[in-house]
Amino acid sequence: MEKLIKFLLFSLVLVVLLDFGISRILNQIYKQNKVGESGGVLNYYLGHEVPSDLLILGSSRAHRHVIPDSFNCKGFNLSHHGFRIPFTAGILDILQQEQKIPKIVLVHLELNSFCYHIEDDLKDSELRNLNFFYGKNDFITDQINKLSYGEKFKYLLSSYKYNGKVPSLISNFMETQNFKDHNGFKGLEMNPADSSRIQKQIDIRKSLKFNPEVSEFKISDTGKKYLNHVAEMFQNSDSNLIFFSSPRYLENTTGEELSRNFLKQFLEEQNIPYLDYTNYKIPELKRKKYWRDVEHMNIDGAKVFTPILRNDLQLLLDDSCFN
Amino acid sequence: MLFNSTIFLVFFAVVVTLYYILPTRFRWILLLIGSYLFYMSWEPAFILLILSSTIVDYFVSIKLPETETSKGKKRLLFISLFFNLGLLFIFKYYNFFTENIELLASSIGLNYQASVSSLLLPVGISFYTFQTISYTIDVFRGELKPEKHFGKFALYVSFFPQLVAGPIERATNLLPQINGIKKKVFHDDLLAGILQFVFGLFKKVVIADSAALYVNAIYNNHQYHDGSTFVLASLFFTVQIYGDFSGYSDMAIGAARMLGFKLMDNFHLPFFSKSTTELWRRWHISLGSWANDYMFKSFSPYWVRRFSKKGVLISLIITFTLIGIWHGGRWTYILFGFMHGFILGVEFLTKKRRKKIKKKIGSFLFSYSGWFITMLLWFISMILFRSVSMEQFFHIMNKIFSASIFNSLFIPDLGVIATTLFGVTILFIFEYFVFRKRNFLGLVKTYSQPTLALVTAMFILVISIFGVSEGSQFIYFQF
């Protein structure tokens, strides 16, 4: 037994030492990154002494659809691919803590974040992608701790803050060496294969024959919780919060009608403006040439959409950004 | 309570500590309570299934030696088989069976609609059912004396390290260990157990769970992808299932070893196999040997008498088709089993011819071409195994063998690919340079304690940095 205890203690000491060394190295790499979605672009934004006047947050659709330079002020697109309202809420909390919330914040909402069919509820585990801020930001720490019983134990190792991120940290570190200032937006160039890709996606959707009733959907409590958190953050703030949902070439399922009604009612109660462009509200964007796939516009589409958004924002807010 | 969860680590630490504090004669009680609690963590009501299976097989096995007539013995065996396989049918195959009856009825113009069972599949039912069946058959054959102690027999059925996904243990191996729990703690066993558990965890969370992210993204949206993407996703699935199942087995064997129990090996470097026959001696060994002892050896005398050597082919096809069905009620599993039975049969029938070829082309070329063909066939069978329907399987095969194989690869996250490849590289280095020569116990006996501590610490850090933190269920839990 004595030999075993020695082995365990020796292993433990080695784990602590190696963890300390490796997490220091990874921390250095992380801090230097200015590009990429595993913290680089957020670092870059936080590194600005004077924050932007306008900030766009959301998923890949917000990232590809809104051109910050189309506004009459300094704008930045801090959207991250594949992430929805829990992640956005986490980012906003970090920005609030760092006092980097600009005067106007545009938050993109994915309708499918607020309703779900049978068991596909929104997962708040996407906040794990902000685990670098575990222990540094109370909201993120609390939410991550609630994810599972053992989360607190995992973070006993500092290196766990970089869990799942090392390959992207390294590639972003290399990319940062050739770094140029940017506004966070990266438009999709038009590609000859786009049209056939869109047609294929339409055909597949049709063939899936997934046509459930509205009654089969539920409003997501997770979506509601994070939306509420974002709304609360701006209640006594000088900054303006505006939600929007950008158009799609092919609309999704029936259940989203439930989301629309919920968002409309909830945001009206909170007195927060919401611009909903889904359900083919912009006729011009029904043209295939503006789309990379059925969800994402190409840069030409973004050039059509952003001015429309700007005009609508002008009607909502009397701000020089939208003149 | 998954092996890769924090709650299991806490549970296991408590069990191990109490186990070594308690006097030897009470240890089986602790393990039995622990095993039942472990199983109840999934669904408390399912403990009744294990308990009923234990009671039936306990009394059947006690009665068997007392029964003098062969007819009476057969009747008792039938009761055990009927009960255990009946449970398996109700929980695992009922819906598959009724769906196919409905299909058959509609194809001949009849309108038959059976009720759909909404029963959940109890975790590990196929494993402990096979374990109890083998015990009763051994007693029936007179190869084993029945265990008189009900509590210890209940522990044999429910021993938590191997309860939900094997290895499917034989009573001849496990029961003597339960009856002879030793007081002395063997340092080397404990150390080997820790190493094997950590290595298994690495296989599961770094390799299998990373690969699963890509595989699921492709297979769950198979309509959108092309041949080249399916080739990569299927290769990743091959890696995933190996990491998942052999990782689970390593954790099970390691955990048992820490308690002083030696479970049988379940995997032994299967990807170094040069024929499918060899591969099945290295892949899911406990199921393969179970099928050999209780299925193949029962069928083959009859078929060999009727068809000579071709009877072996038929017996292998029947045995492996049953192995396919064991995995679940799905045509793709059945075809997976059939395919392997057929390949093994062909390998058996062409043994002499292959020896001649080996002489002609030399053993080097023969070995490597054998390895290539084995891996190719295994790869195709993995597509079958992962496909949720025959329609999906044909769709994927059609894409792979069409011009779309030259279309660009779809890789949503390069990080996932890099992590999986990183894990596979470490695995290959350890399997090729270390585990071909020695097992975990051999490792403990060969290397110094500081070296082993360093390796353990490094694996823990690799798991912390590269492991997928949202631990998914082990694939074989569903079987």
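Here is the naming used below: chain letters follow the sequence lines, and residue numbers restart at 1 for every chain. All heavy atoms count here, side chains included; hydrogens, waters and symmetry mates do not.
- Atom CD1 of Ile463(B) and atom OG of Ser159(A) lie 11.0 Å apart (nearest 0.5 Å).
- Summarising the geometry, atom OG belonging to Ser11(A) is positioned 8.0 Å from atom CG belonging to Leu191(B); distances are rounded to the nearest 0.5 Å.
- With sequence neighbours left out, the side chain to side chain contact (heavy atoms under 4.5 Å, CB included) criterion links Thr88(A) to Leu57(A), Leu92(A), Val107(A).
- Enclosure of atom NZ in Lys3(A) is not indicated, since only 12 or fewer non-hydrogen atoms of other residues, nucleotides or ligands lie within 6.0 angstrom.
- Only the side chain of Ile22(A) comes within contact range of chain B, with heavy atoms under 4.5 Å apart.
- Of all heavy-atom pairs between Ala453(B) and Leu14(A), the closest is C-CD1, 3.8 Å.
- Under a cut-off of 6.0 angstrom, the local environment of CZ in Arg438(B) is crowded, with over 12 non-hydrogen atoms contributed by other residues, nucleotides or ligands.
- Counting only distance, with no hydrogens or angles, the side chain of Gln449(B) and the backbone of Lys6(A) share no donor-acceptor pair below 3.5 Å.
- Using a 4.5 Å cut-off on side-chain heavy atoms (C-beta onward), Phe7(A) and Leu190(B) make no contact.
- Taking CG of Asp19(A) as the reference point, atom CD1 of Ile465(B) lies at 7.5 Å (rounded to 0.5 Å).
- In the displayed structure, Phe179(A) atom CZ is contacted under 6.0 Å by more than 12 heavy atoms of other residues, nucleotides or ligands.
- Heavy-atom distances place no part of Pro412(B) under 4.5 Å from chain A, backbone and side chain included.
- One distance of note links CD of Gln223(B) with CG of Asp203(A); it measures 12.0 Å at 0.5 Å rounding.
- Note that the CG atom of Leu414(B) and the OG atom of Ser171(A) stand 8.0 Å from one another [nearest 0.5 Å].
- Annotation: maximal heavy-atom pairing with chain A below 4.5 Å, among Tyr224(B), Phe186(B), Tyr20(B), occurs at Tyr224(B).
- With a 4.5 angstrom heavy-atom cutoff, Leu8(A) touches chain B only via side-chain atoms.
- Within 6.0 Å of the NZ atom in Lys288(A), the count of heavy atoms belonging to other residues, nucleotides or ligands exceeds 12.
- Here the side chain of Asn163(A) pairs a donor or acceptor atom with the backbone of Gly467(B) at under 3.5 angstrom.
- Looking at Leu452(B), the atoms closer than 4.5 Å to chain A (heavy atoms on both sides) sit in the backbone and in the side chain alike.
- Ser148(A) has its side chain out of reach of Thr6(B): every pair of non-hydrogen atoms, C-beta onward, lies at least 4.5 Å apart.
- No more than 12 heavy atoms of other residues, nucleotides or ligands shown are found within 6.0 angstrom of NZ on Lys34(A).
- Heavy atoms of Lys200(A) lying under 4.5 Å from chain B belong exclusively to its side chain.
- One finds the CD atom of Glu37(A) at 10.0 Å from the CG atom of Asp413(B) (value rounded to the nearest 0.5 Å).
- Other residues, nucleotides and ligands contribute over 12 non-hydrogen atoms within 6.0 Å of the CE atom of Met397(B).
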